[in-house]
Amino acid sequence: MTAAIHIQGLTKAFGRVRAVDGLTLDVPTGSIFGFLGANGAGKTTTLRMIAGLARPTAGSIEVAGHSSDEGTAYRRPIGYLCQEPAFYGWMSGREVLRYAAGFHPELGSRADGEVDRLIELVGLEEAADRRCSEYSGGMRQRLGIGAALIGRPEVLLLDEPATGLDPIGRKSVLDLMESLRETTTIFYSTHILDDVQRVSDRVAVVDHGKLLLAQRTADLLTSYSQNRLRVELIGASSETALRLAAIPGVTGVTALEGNTLGQTAAAFAVTVADHSAAPVQAAITRLAYSDGMAVVEARPETLDLEEVFLRLVGNQEIAA
Ligand code: ATP
């Protein structure tokens with residue numbers, strides 16, 4: 001696995017506030033990597049440092065093999081879209097991209113061709129010659145991504161690209177990110193868990209400037225799901241929770257409110273030690289037999305990223 005972005009001990013202090021605190025992270029080449037955290041977790045500060053717009057207090061950053069100390073050579077493979085991009089409203093989308101292409105003298109006579117290619121890539125062919133003040137939120141974000149893609153950067157940094165968009169706008173931005181999967185590494189910040197689940201193959205969770213975890217999204221969801229069983233039993237008594245808790249490998253039992261069969265069944269969330277789900281399921285079947293109960297279900301819960309996130313970070317302000 002080669003890392004498109006390699007961060008080691010990255011720290012940024014603003015006075016006594018450590019916005020980013022010893023962050024070590026590898027973003028593999030070709031990944032769509034969601035950088036997830038609540039408001040104020042340190043996402044924007046991290047992205048600005050990777051983009052070369054803010055100087056770290058400590059630590060090192062490499063992008064596409066270049067150290068952040070290298071200046072222009074470091075910034076060349078990077079495209080960056082800030083959190084709330086502003087455009088001159090009187091310009092058309094095409095003019096915005098031409099203007100942005102002006103900062104890439106290496107394009108020379110290829111600039112207009114590159115602008116045409118990007119207009120098509122971000123799906124703005126119909127609107128390219130309209131004033132961008134008339135664009136929807138999703139169109140503006142796609143225009144911003146188009147501008148960030150000028151010069152074909154290897155790494156695209158996007159700060160909250162889908163925040164504040166309506167569902168159609170969000171889908172159009174996520175679809176665009178998805179379409180770049182093969183060609184560009186995308187590292188993007190978000191606090192929208194659903195977006196991460198939909199588009200990111202990897203996710204890092206940050207809280208108060210510190211990294212809580214970095215994993216493949218699918219592995220994260222699976223590892224959490226496998227340690228919790230949803231158990232529903234007919235004929236349970238007041239003893240049943242204790243009987244379940246006594247099964248080897250069970251680390252906790254919680255009675256749940258809802259069950260599929262109303263009054264006649266009781267539902268429990270049973271947490272189990274690593275790799276214990278299968279033996280505990282078998283033991284529940286035996287317990288049900290010996291205690292005269294019927295098992296409606298005893299299966300690993302499917303958790304979504306929101307539940308995983310809330311368990312990791314606690315109940316903070318997060319959009320699902
Ligand atoms: P949001 O989702 O709200 O954009 P974030 O995760 O991007 O939040 P940052 O904007 O990186 O978080 O901020 C991290 C912390 O650093 C916050 O406590 C913020 O107040 C502080 N901070 C950020 N920039 C500055 C600055 N220029 N001066 C002082 N403190 C700052």
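Keep in mind that this is a model prediction, so the values were computed, not measured. Order of appearance sets the numbers: ligands from 1, and atoms from 1 within every ligand.
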Asn39 N/O to ligand 1 N/O under 3.5 Å: yes

Kindly determine whether Asp194 and Arg170 satisfy salt bridge (Lys or Arg N to Asp or Glu O under 4.0 Å), including the steps that lead there. CA-CA 11 Å; Asp194 193 44; Arg170 265 177 65 203; 3.5 Å; yes

Can you find a protein heavy atom closer to atom 9 (P) of ligand 1 than 4.0 Å? yes

Can you find a side-chain donor-acceptor pair between Thr44 and Asp159 that sits under 3.5 Å? yes

Using heavy atoms and a 4.0 Å limit, tell me yes or no: is Arg48 in contact with ligand 1? no

Would you say Ala19 and ligand 1 have an N/O pair spaced under 3.5 Å apart? no

Ring centre gap for Tyr188 and Phe33 strictly below 6.0 Å: no

Does an N or O anywhere in His191 fall below 3.5 Å from an N or O of ligand 1? no

Is Ala38 touching ligand 1 with its side chain, its backbone, both, or neither, if touching means heavy atoms under 4.0 Å apart? backbone

Nearest protein heavy atom under 4.0 Å from atom 19 (C) of ligand 1, yes or no: no

Is there at least one pair of N or O atoms, one from Gly40 and one from ligand 1, spaced under 3.5 Å apart? yes

Any N or O on Phe14 sitting closer than 3.5 Å to an N or O of ligand 1? no

